[in-house]
Amino acid sequence: MASTNCGWCGDRTHMAMIVDPHRLPDRRREGRSVWMAAFICASETCRRLSIGWGELRDGGKPGYVKEAFPTSQLEWEPRHVHGRVFRDVPPEIAETAREAHACLSIGAARGAVALARAVVEATAKVKGINVRGIVAKIDALRDGGIISGLTAEASHQIREDGNSIAHGDIGDEPISIDDATAILEFMDALLDEVFQRPAKLNRLKQRHADRKQGNKAGAQLPPAPGGGPA
Ligand SMILES: [Zn+2]
């Protein structure tokens, strides 16, 4: 048994090997080689097949590969892609932000950062900011009181790192997974500040207003017939 997030259903499940592993040709190095096998997802509603592969040392006792293989560090196809749900964010922006996280979850740092940059631009547009250029857009968001000075600084950071990617300078400065993770954290903070937090606070305000309205309506009710509660 091997445990992983199933690339089909997304559940954390046990994967049962259903075909014995076989060794890939021409992948031998330093007494190790790459083995591949088919596994079935344990989820009753899924039961789809995934391919797992990993490196094992050559040789060993008979049956060694079959036993050792499922417990080693395996790579999977299809891979599980982690998305993220952005409540209260306009759907097209939420989808781009979700894709940025999906890129990051499969190690596509450059794709993640380029999409984060697109999220910043689209956020400004949705807020009615139509000035040219992303720098001016971020500054206008700050000047309009939509984001704080601190968030504006962070947004400029996203822009600088995402810019080279969007304009073909790939390779000048490699983006590490750590950098991309930090930039996506900024992106999440921006979406929270612009869309999610105001929406949450407005819901709280509305609930308070509804309750007040309810109390008022209750106070204005005529006394029950007979002068007391039924
Ligand atoms: Zn599954």
Side-chain angles (χ1 to χ4, degrees), residues 1-29 32-119 122 165 175-189 191-192 195-196 199-200:
M1 289 282 206
S3 285
T4 188
N5 282 90
C6 172
W8 294 101
C9 67
D11 285 357
R12 177 102 198 148
T13 59
H14 287 295
M15 294 286 188
M17 196 195 288
I18 59 159
V19 173
D20 287 355
H22 71 273
R23 194 174 63 204
L24 296 190
D26 305 328
R27 297 284 299 271
R28 268 193 164 132
R29 55 165 193 233
R32 299 173 73 86
S33 42
V34 175
W35 295 76
M36 223 177 207
F39 292 78
I40 189 165
C41 173
S43 163
E44 281 306 318
T45 52
C46 178
R47 308 296 285 164
R48 290 178 178 87
L49 297 185
S50 295
I51 302 297
W53 69 94
E55 221 180 47
L56 283 180
R57 65 181 167 80
D58 292 333
K61 296 187 289 259
Y64 151 74
V65 169
K66 202 178 167 188
E67 280 167 35
F69 186 63
T71 53
S72 11
Q73 201 69 32
L74 298 184
E75 302 225 35
W76 295 96
E77 188 64 40
R79 282 202 230 187
H80 177 60
V81 175
H82 297 272
R84 190 169 292 198
V85 177
F86 292 92
R87 205 180 163 206
D88 302 316
V89 174
E92 65 282 4
I93 296 178
E95 183 55 25
T96 308
R98 195 194 64 76
E99 274 181 31
H101 279 281
C103 281
L104 189 64
S105 84
I106 57 163
R110 281 184 285 248
V113 172
L115 287 171
R117 183 177 184 275
V119 165
I165 289 155
I175 299 247
S176 70
I177 289 290
D178 283 351
D179 287 345
T181 302
I183 289 167
L184 261 58
E185 278 172 15
F186 284 143
M187 178 190 78
D188 292 352
L191 293 177
D192 187 54
F195 300 110
Q196 299 182 126
K200 192 175 172 186

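Starting from 1, each residue takes its place in the sequence as its number. Just follow the structure's listing: the first ligand is 1, and inside any ligand the first atom is 1.
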TODO: Sequence neighbours left out, what passes side chain to side chain contact (heavy atoms under 4.5 Å, CB included) with A199? Give chain and number order.
DONE: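 Testing A199 for side chain to side chain contact (heavy atoms under 4.5 Å, CB included), a comparison that skips the adjacent residues, returns D88, R203.
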Task: Residues forming a side chain to side chain contact (heavy atoms under 4.5 Å, CB included) with D11, sequence neighbours excluded - done: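 Listed in chain order: C9, T13, S43.
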[X] to [Y] - nearest heavy-atom pair and separation:
X	Y	value
W53	M36	CB-CG, 3.6 Å
L49	W8	O-NE1, 2.8 Å
C41	M15	CA-SD, 3.7 Å

Which side-chain N or O atoms in residues 98-109 pair as donor and acceptor under 3.5 Å with protein atoms at least two apart or in another chain?
residue	atom	partner	partner atom	Å
R98	NE	E95	OE1	3.3
R98	NH2	E95	OE2	3.1
H101	NE2	D188	OD1	3.0
H101	NE2	D188	OD2	3.1
S105	OG	H82	N	3.0
S105	OG	A102	O	2.9

- [ ] Pull up every protein N/O/S atom sitting under 2.8 Å from the Zn ion (ligand 1), skipping waters.
- [x]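 Protein N, O or S atoms closer than 2.8 Å to the Zn ion (ligand 1): C6 SG, C9 SG, C41 SG, C46 SG.
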